[in-house]
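Bear in mind that the values here come from a model prediction, so they are computed numbers and not experimental data.
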Amino acid sequence: MTLEDLRVFVAVCRAGSLSAVARELDRTQSAVSQHVKRLEREAGVSLLERRPRGVVPTHAGRVLCDAASDSIAGLDLALRRLGDLVNGDSGSVRVTTGGTTVRHFMSEAIVAFRQRYPKVGLEFRTETSSRDCFDALTVGNLDLAWVTIGGPVRGIEQRPVVALPWVLAVRADDPLADQARVHLAEFGDISLIRLPPNSTSGARLDAAFAELGVRTNSDTSVADWDTALLLAELGLGHAVVPVLPGWEVPGDGPLRLVPVPDLPPLPVGWAVRRWDALTPLARNFADTVARSCTKRAAGTRPE
């Protein structure tokens, strides 16, 4: 078996699909399958079980996947640290995160980091959910993932950076626009623009609604917070969104953000495979972003 066989196998176990991994790696499904078959011949047991909607690892497959994930992560980190030792301050930092994260959470930190380390490359890989970021972090040659903090994830360490309060985005001419705050009991009569249920932030919001016994109406959904704000401004519904660091809260524009104190804040921050194995450059970048977010969040006050 080869290291590439193991990398592909772990990716298949995470994705639950041969075809999805083939698309991700820009290969044919047959080529991906050959990696798995080579491992099965070497191990002498079946590693994957075919299902109508993909594949799942067998018991033997889970054993191999867990061991391979830990080993690959450790080896990748060791190789990155060796590269930094050779290159000094001219290495790279690789980050996976959502499509709008850089603008909302990292813009100032990127400038500060680049001024301090002008020869260091910054690479960003965009994913659509925290779950996808975890998968990319586990099987890819990546240092950091910026995610919505959720429950424990095997092989991943999560570190919250800021907790974001929730607000209700409404048009300036909406009856709720002039309120100092809005309570969940008032949500029954409004139509919400919803975040995807497969997103961590959307799942946390749905869980909070369920725990508090709140039923909401929704006929519009979006993939990110920026689009939710735009649709709320256009009058297509109300959007519950977190207050992002550095947001200029509208005071006289077409949109108002009304605090929702009943909802627990949304924690966001870093996820890594092992904090103690991060390269010095990656650790410095993570710390720079954390300081910037904390400072900007402290200056953001919804009215």
Side-chain angles (χ1 to χ4, degrees), residues 97-101 103-105 128-133 146-151 158 160-269 293 296-303:
T97 188
T100 62
T101 298
R103 176 169 68 252
H104 291 310
F105 295 96
T128 58
S129 68
S130 292
R131 177 70 263 177
D132 289 342
C133 287
W146 183 268
V147 298
T148 299
I149 303 297
Q158 301 179 65
V161 172
V162 290
L164 308 175
W166 294 92
V167 292
L168 182 70
V170 302
R171 283 177 56 87
D173 57 1
D174 189 278
L176 297 174
D178 294 329
Q179 294 189 189
R181 61 187 59 84
V182 60
H183 295 285
L184 293 183
E186 303 174 73
F187 276 38
D189 297 329
I190 64 178
S191 177
L192 285 183
I193 299 165
R194 303 301 295 274
L195 297 172
N198 64 332
S199 68
T200 305
S201 55
R204 290 183 72 100
L205 189 58
D206 289 343
F209 284 152
E211 183 176 349
L212 296 169
V214 176
R215 293 187 177 183
T216 60
N217 301 311
S218 176
D219 54 14
T220 306
S221 63
V222 294
D224 59 79
W225 299 321
D226 286 344
T227 305
L229 286 178
L230 175 60
L231 295 185
E233 183 178 327
L234 294 175
L236 297 184
H238 302 68
V240 179
V241 295
V243 179
L244 303 179
W247 254 5
E248 293 294 333
V249 180
D252 55 1
L255 196 66
R256 297 289 185 274
L257 303 180
V258 186
V260 186
D262 297 342
L263 290 173
L266 181 71
V268 296
C293 282
R296 296 175 70 201
T300 303
R301 295 286 185 269
E303 297 294 342

- Inter-residue atom distance W225.CH2 - I193.CD1, 0.5 Å rounding: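 Between W225 CH2 and I193 CD1, I get 15.5 Å after rounding to 0.5 Å.
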- Query: Is the backbone of D262 close enough, under 3.5 Å, to the side chain of R181 for a donor and an acceptor to pair up by distance?
  - Reply: no
- Query: Is it true that a side-chain atom of R296 and a backbone atom of H104 form a donor plus acceptor pair closer than 3.5 Å?
  - Reply: yes
Considering all heavy atoms of both residues, which atom of [X] and which atom of [Y] are nearest to each other, and what is their separation?
| X | Y | answer |
| --- | --- | --- |
| P264 | A208 | CD-CB, 4.2 Å |
| L164 | V243 | CD2-O, 3.4 Å |
| G150 | Q158 | N-OE1, 3.3 Å |
| V182 | Q179 | CA-NE2, 3.9 Å |
| V147 | C133 | CG1-CB, 3.8 Å |
| A232 | A169 | CB-O, 3.7 Å |

- Evaluate the side-chain contact (heavy atoms from CB on, under 4.5 Å) criterion for residues V240 and F187: first the C-alpha distance (whole Å), next the side-chain angles of each, then the deciding distance (0.1 Å), finally the verdict. CA-CA 10 Å; V240 179; F187 276 38; 3.6 Å; yes
- With L168 as reference, evaluate V241, L263, V260 under the side chain to side chain contact (heavy atoms under 4.5 Å, CB included) test and give the passing residue. V260
- Query: S130 pairs by side chain to side chain contact (heavy atoms under 4.5 Å, CB included) with which of V268, T148, I149?
  - Reply: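 Of the listed residues V268, T148, I149, the side chain to side chain contact (heavy atoms under 4.5 Å, CB included) partner of S130 is T148.
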- Report the residues that fulfil side chain to side chain donor-acceptor pair (under 3.5 Å) with D174, sequence neighbours left out, ordered by chain and then residue number.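 For D174, the residues satisfying side chain to side chain donor-acceptor pair (under 3.5 Å) (neighbours in sequence not counted) are H238.
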- Message: With salt bridge (Lys or Arg N to Asp or Glu O under 4.0 Å) as the rule and sequence neighbours excluded, what pairs involving residues 224-237 come up?
- Response: R103-D226
- Message: Using the rule given for side-chain contact (heavy atoms from CB on, under 4.5 Å), can you reason through L192 versus F209, listing the C-alpha separation, both sets of side-chain angles and the distance that settles it, and then say yes or no?
- Response: CA-CA 12 Å; L192 285 183; F209 284 152; 4.0 Å; yes
- Quick one: list whatever passes salt bridge (Lys or Arg N to Asp or Glu O under 4.0 Å) with D173, sequence neighbours left out. R171
- Message: Run L205 and W166 through side-chain contact (heavy atoms from CB on, under 4.5 Å) and show every step you take.
- Response: CA-CA 10 Å; L205 189 58; W166 294 92; 4.2 Å; yes
